[in-house]
Amino acid sequence: MIDRTTRVIGSNGGSISATGVMVSTLFTLALLFNAVMPALGMKESSALCTLLLATLGLVGLVKSRPVFAVSMLYVLAIGMTAFLAGVGLEAGGYLTEVDVSGEATGAFSRLLSFYLIFVVCALVAFGRFLDERPAHESIRARITLQPISIVTGFGLAATIIAIGVIAGLTSGFSLFSGINRYALRNDASNGMMFNLFLNNQAFMGFLLGTIATSSDKRIRGAAILTMAVDLALNVMHGEQFMAVLHIGLCSLAPFIAIHAINGKPVVRYLGIGAGLALLLGAVSIVYSYRGQGLEVADMLSSRFLLQAQPWYVVDSDAHLFTAPALGGEGAFWRFVNSLGSWTMPTFFDGTEPSGLRDLMKSYTEPNVLRAYMFDDVTFTMGNMAVPVYWFGYAGGALFVAMTGVVYGALGALQILVAMRGGVVMLWLMAKVFSYATFAVQQGEYWMMFGSRTEFYALLALAWWYWVDAKNSNLN
């Protein structure tokens, strides 16, 4: 029946907003039209249309599925920079690293289709593991109910921060030294301390975000203050937009999820928290470039264009069932052969480049490539480009769908662990999730399927069933 007053269509107790159905239908039609714009000869305007649709889709996702959105927001927010770059690139922007002048090709209309596949698959997998709907009983994170876990959590957070401070005091803070953060860490005698601090930032975010759901105001305040100190320390170490945003969203994920499942409004928290993380990340970029004596405006404009670089160059060579000539089956098997390595392949580890580095070797200008190989720096945003580089559009879409399923499941499991697991389990799961996040953001898929990630995943599974599941109150 149709309730003309409330504008709701009801059937067997279920209800769907008529306005929501109409908006969803119009948005789907807009996506379909955007997908065929290049074929209709509207390539010049397709990049701007794609950016607008991607923005509307992201806003709608945050409003309608905030728990799912906060788990995916880092990857999707970084993805938005590629669509923004696409507008400038298809208007004639120049990619310095591959020596390509952009022109309207409709590449970013196709890129949006890949992101849509990823999000839909991630949403389905996420829903299989976590029910976002408000619970009948109030949910509290297990860590906040155990004083020993709170003390352990703050102790670990203080230790990680202390390691970051010592690393900076002994080798310098990139923000103040005027040295590129990669060069500083590669040349530092205590590089292990830098790695220990930076590689545990996702865990810091999840841990402090979980503790911040405590009913004790003093504990909440201490968790928020500790997170602020940690973010400031990351900025001092030269971490920029993407890294700072990631840490901020990791801290928001358990906070948003627990409050939403308890029936509390969370969209404003998500907006404020993500906005602050974006602002801090943007400020860190400005001061980092200034400290290195670089022109901020020129660097920002060139860096934004480079966000779209991997996709644009691969898209220009790919076909529906055929990979670019420089990639293909050989490139994929080089990636497969790298999965057995315990450490992520680099440019100088004696092995043949694979994955994103393989793509870089195929397209980068020789002088730029030599500089990047020296510091072992890679392109950014190769997440959708690398699968197409291996398989072409059709095979690449299937691979992206698979990564969406894996990442959506991991996002849900990370939130479940924050609610039901202990500190050790949270650390193990944060490791796996942070590796997967790096993979689906950069295109470094060794981080998702490599032996080290599989080891941590198996260790987390064993710890859960043999230790945490006994106290997790699964019902």
Side-chain angles (χ1 to χ4, degrees), residues 67 70-71 125-126 128-131 139-160 163 192 195-214 223 226 230 246-247 249-251 253-255 257-258 261 339-344 403 405-440 446-475:
V67 178
V70 75
S71 296
F126 188 91
R128 296 290 295 177
F129 288 92
L130 181 65
D131 187 356
I139 291 177
R140 296 178 64 185
R142 175 184 161 193
I143 289 176
T144 64
L145 300 176
Q146 299 175 323
I148 185 62
S149 294
I150 295 175
V151 172
T152 303
F154 277 123
L156 288 172
T159 301
I160 293 170
I163 291 171
M192 184 178 294
N195 291 334
L196 190 58
F197 171 71
L198 296 171
N199 291 343
N200 282 289
Q201 288 306 301
F203 169 64
M204 285 282 283
F206 286 120
L207 174 65
L208 295 173
T210 302
I211 294 176
T213 64
S214 171
T226 306
D230 182 67
H246 184 217
I247 301 166
L249 291 176
C250 283
S251 64
F255 184 87
I258 291 173
I261 295 174
L339 297 180
S341 172
W342 176 255
T343 58
M344 185 175 71
T403 61
V405 170
V406 173
Y407 194 65
L410 289 176
L413 291 173
Q414 178 66 71
I415 291 174
L416 284 173
V417 167
M419 292 191 293
R420 299 173 177 173
V423 174
V424 174
M425 184 66 202
L426 187 62
W427 179 77
L428 290 169
M429 195 64 208
K431 278 287 185 185
V432 176
F433 187 70
S434 63
Y435 290 158
T437 298
F438 189 76
V440 298
W446 178 91
M447 295 292 287
M448 179 175 275
F449 301 110
S451 58
R452 186 171 66 190
T453 305
E454 303 310 312
F455 169 77
Y456 279 112
L458 290 173
L459 193 57
L461 188 63
W463 187 273
W464 175 259
Y465 278 107
W466 290 339
V467 180
D468 277 7
K470 298 176 182 179
N471 304 305
S472 65
N473 187 24
L474 291 178
N475 294 321

Below 4.5 Å, heavy atoms only, C-beta onward: do [X] and [Y] meet side chain to side chain?
X: F206; Y: V417; value: no
X: L413; Y: M429; value: yes
X: L428; Y: W464; value: no
X: F433; Y: I415; value: no
X: T437; Y: M447; value: no
X: R420; Y: D468; value: no
X: M419; Y: I143; value: no

Keeping [X] on the side-chain end and [Y] on the backbone end, is there a donor-acceptor pair under 3.5 Å?
X: T453; Y: V432; answer: no
X: N200; Y: L196; answer: yes
X: T152; Y: I148; answer: yes

For the [atom1] atom of [X] and the [atom2] atom of [Y], what is their distance to the nearest 0.5 Å?
X: M204; Y: L207; atom1: CE; atom2: CG; value: 7.5 Å
X: N199; Y: I160; atom1: CG; atom2: CD1; value: 10.5 Å
X: W463; Y: M425; atom1: CH2; atom2: CE; value: 10.0 Å
X: H246; Y: S251; atom1: NE2; atom2: OG; value: 10.5 Å
X: S214; Y: I258; atom1: OG; atom2: CD1; value: 10.5 Å
X: F203; Y: L208; atom1: CZ; atom2: CG; value: 8.5 Å

What's the shortest heavy-atom distance between [X] and [Y], and which atoms?
X: L416; Y: F129; value: CD1-O, 3.3 Å
X: M448; Y: A439; value: CB-CB, 3.6 Å
X: T213; Y: F255; value: CG2-CA, 3.7 Å
X: S434; Y: A202; value: CB-CB, 3.6 Å
X: A418; Y: A141; value: O-CB, 3.6 Å
X: T210; Y: L426; value: OG1-CD2, 4.3 Å

(message) Show, in sequence, the C-alpha distance, side-chain angles and deciding distance for V406 and V440, and conclude whether the side chain to side chain contact (heavy atoms under 4.5 Å, CB included) test is met.
(response) CA-CA 10 Å; V406 173; V440 298; over 6 Å; no
(request) Report the C-alpha separation of K431 and L459 in whole Å, then their side-chain angles, then the decisive distance to 0.1 Å, and conclude whether the side chain to side chain contact (heavy atoms under 4.5 Å, CB included) test is met. (result) CA-CA 11 Å; K431 278 287 185 185; L459 193 57; over 6 Å; no
(request) State which residue, out of V423, I211, V424, fulfils the side chain to side chain contact (heavy atoms under 4.5 Å, CB included) condition with S149. (result)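 Filter result, single survivor: V423.
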(request) May I have the step-by-step check of side chain to side chain contact (heavy atoms under 4.5 Å, CB included) for W427 and Y456, ending in yes or no? (result) CA-CA 10 Å; W427 179 77; Y456 279 112; 3.9 Å; yes
(message) Other residues, nucleotides and ligands only: do more than 12 of their heavy atoms fall within 6.0 Å of CH2 on W342?
(response)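 Yes, the 6.0 Å shell around CH2 holds more than 12 heavy atoms from other groups.
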(request) Step by step, work out the side chain to side chain contact (heavy atoms under 4.5 Å, CB included) result for Y435 and L410. (result) CA-CA 11 Å; Y435 290 158; L410 289 176; over 6 Å; no
